[in-house]
Amino acid sequence: GAEAYAYAHDIYPVPLAYVAALAPVVAEIQEVDDVLARDIAVPLSRLRSAIRSSFDRALPPQMPGVEWDVPDRLAPLIDSIAAQLGRLGGALLARLTSGLPLFLVPPNRQALARLLEMQHGEVRIRYAREDGWWIEWRGERILDFDLPLEVFRTHDEAGMFRRRDALGFKEEQMAELQAIYAPPGVPPRIIVLSLSRDWIDQMREALRHDERD
């Protein structure tokens with residue numbers, strides 16, 4: 001219901017559940033949910049403030065002079081989530097050709113560093129039902145992402161993203177991605193990722209060959 005309401009008001013939820021690089025983080029967050037339901041009986045505003053602080057994204061304290069730590073039962077989980085996020089090193093906001101926003105997550109710091117070396121790169125965008133969506137550059141998986149469910153339903157009515165449908169979707173919706181990397185305290189960088197035309201042509205020729213066979 002919340003998702004339908006968002007789309008009706010031109011709000012685009014950013015899906016994270018099937019972003020491969022975030023799978024360990026999502027699993028840990030689900031455990032946090034269980035602990036909250038069982039053991040935590042403090043105001044959620046104070047809990048959010050403490051957790052943000054542990055992620056090194058602290059907000060100004062809501063009550064000056066009052067300090068409050070993450071509860072003992074939550075501390076190991078929060079430390080684990082912070083470690084997982086540190087392994088990733090950051091993320092990028094992007095916009096599809098159609099204007100749809102995306103949240104791009106590098107699988108590790110090395111992939112992020114290589115991504116930041118470029119200003120404009122030709123990439124391949126791949127999809128597999130078990131691995132989700134990802135972006136390849138020079139043969140390396142450098143970014144994972146997911147699509148809002150509503151978009152996926154619109155282009156996958158049969159419940160299976162056929163190869164020709166997937167290729168057409170990429171050409172129409174993902175010809176160019178404008179990604180923004182803006183960590184705190186650093187001037188933002190814009191990176192343009194263009195879908196490789198040569199690769200698309202090769203894929204289309206391979207499809208025609210398969211259909212003839």
Side-chain angles (χ1 to χ4, degrees), residues 3 6 11-33 48 51-52 54-58 77-152 155-156 161 166 169-170 173-196 199:
E3 191 173 25
I11 299 170
Y12 295 91
V14 178
L16 301 178
Y18 297 102
V19 178
L22 287 178
V25 178
V26 172
E28 297 279 10
I29 289 173
Q30 290 171 339
E31 289 192 42
V32 168
D33 234 9
R48 282 194 293 267
I51 290 176
R52 287 187 180 111
S54 68
F55 290 158
D56 198 28
R57 296 197 303 271
L77 287 173
I78 299 306
D79 289 344
S80 178
I81 293 171
Q84 295 285 356
L85 295 175
R87 175 181 60 81
L88 299 175
L92 298 88
L93 293 176
R95 189 176 69 169
L96 290 178
T97 309
S98 62
L100 185 75
L102 287 183
F103 190 71
L104 307 177
V105 184
N108 50 57
R109 284 180 175 270
Q110 291 73 26
L112 177 63
R114 280 187 278 278
L115 179 69
L116 294 178
E117 291 173 0
M118 72 167 85
Q119 292 292 331
H120 186 176
E122 285 199 351
V123 299
R124 301 178 178 188
I125 299 177
R126 299 189 182 275
Y127 168 80
R129 191 168 294 277
E130 64 277 9
D131 291 325
W133 291 90
W134 72 93
I135 295 174
E136 281 185 1
W137 181 57
R138 296 180 178 176
E140 180 182 0
R141 183 170 181 157
I142 58 169
L143 291 166
D144 294 340
F145 66 96
D146 195 11
L147 290 174
L149 186 58
E150 190 68 22
V151 173
F152 199 79
H155 292 83
D156 191 29
F161 229 157
F169 177 80
K170 293 170 187 175
Q173 303 288 331
M174 302 179 174
E176 183 176 282
L177 305 181
Q178 294 183 349
I180 301 174
Y181 181 67
V186 176
R189 293 189 54 183
I190 297 178
I191 301 169
V192 178
L193 304 175
S194 298
L195 193 60
S196 171
W199 177 65

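FYI, side chains are in, hydrogens and waters are out, and symmetry mates aren't considered; it's all heavy atoms of this structure. Remember, predicted model here, so these are calculated numbers, not experimental data.
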- Message: Going by the rule side chain to side chain contact (heavy atoms under 4.5 Å, CB included), which residues pair with A6 if we only count those two or more places apart in sequence or in a different chain?
- Response: I11, P13
- L115 versus L193: any side-chain heavy-atom pair under 4.5 Å? yes
- Mind checking side chain to side chain donor-acceptor pair (under 3.5 Å) for R189 and listing every partner two or more places apart, or none if nothing turns up? none
Distance-only check: which donor-acceptor pairs under 3.5 Å involve side-chain atoms of residues 101-108, not counting sequence neighbours?
from : atom 1 : to   : atom 2 : distance (Å)
N108 : OD1    : Q110 : N      : 3.2
N108 : OD1    : A111 : N      : 2.7

- Query: CZ of R138: more than 12 outside heavy atoms within 6.0 angstrom?
  - Reply: no
- Query: Between Y127 and W134, what is the shortest heavy-atom contact and its length?
  - Reply: C-CZ3, 4.2 Å
- Query: How far does CD of E176 sit from CG of L195, to the nearest 0.5 angstrom?
  - Reply: 10.5 Å
- Task: Work out which heavy atom in A21 is nearest to a heavy atom in D144; give both atom names and the distance.
- Result: N-OD2, 3.0 Å
- Task: Could you list all the salt bridge (charged side-chain N to carboxylate O under 4.0 Å, His left out) pairs where at least one residue sits in residues 99-116, not counting sequence neighbours?
- Result: R114-E140
- Sorted by chain and residue number, the side chain to side chain donor-acceptor pair (under 3.5 Å) partners of R124 (sequence neighbours excluded) come out as none
- Query: Where is the tightest heavy-atom contact between I125 and W133, given as atom of each residue plus distance?
  - Reply: CG2-CE3, 3.9 Å
- Message: Are more than 12 heavy atoms, taken from residues, nucleotides or ligands other than R87, located less than 6.0 Å from that residue's CZ atom?
- Response: yes
- Item | Side chain to side chain, L22 and L88, heavy atoms closer than 4.5 Å | yes
- Point-to-point distance, once rounded to the nearest 0.5 Å, from CH2 of W137 to CD1 of I191: 9.5 Å
- Tell me, please, which residues at least two apart from P188 pass side chain to side chain contact (heavy atoms under 4.5 Å, CB included). I180, A182
- Message: If I take atom CD from residue Q84 and atom CD1 from residue I29, how far apart are they, to the nearest 0.5 angstrom?
- Response: 10.5 Å
- Look up atom OG in S194 and atom CD in E122, then write down how far apart they are to the nearest 0.5 Å. 6.5 Å
- Item | From CA spacing to verdict: side chain to side chain contact (heavy atoms under 4.5 Å, CB included), V25, L16 | CA-CA 10 Å; V25 178; L16 301 178; over 6 Å; no
- Query: Distance from L147 atom CG to M174 atom CE, nearest 0.5 Å?
  - Reply: 4.5 Å
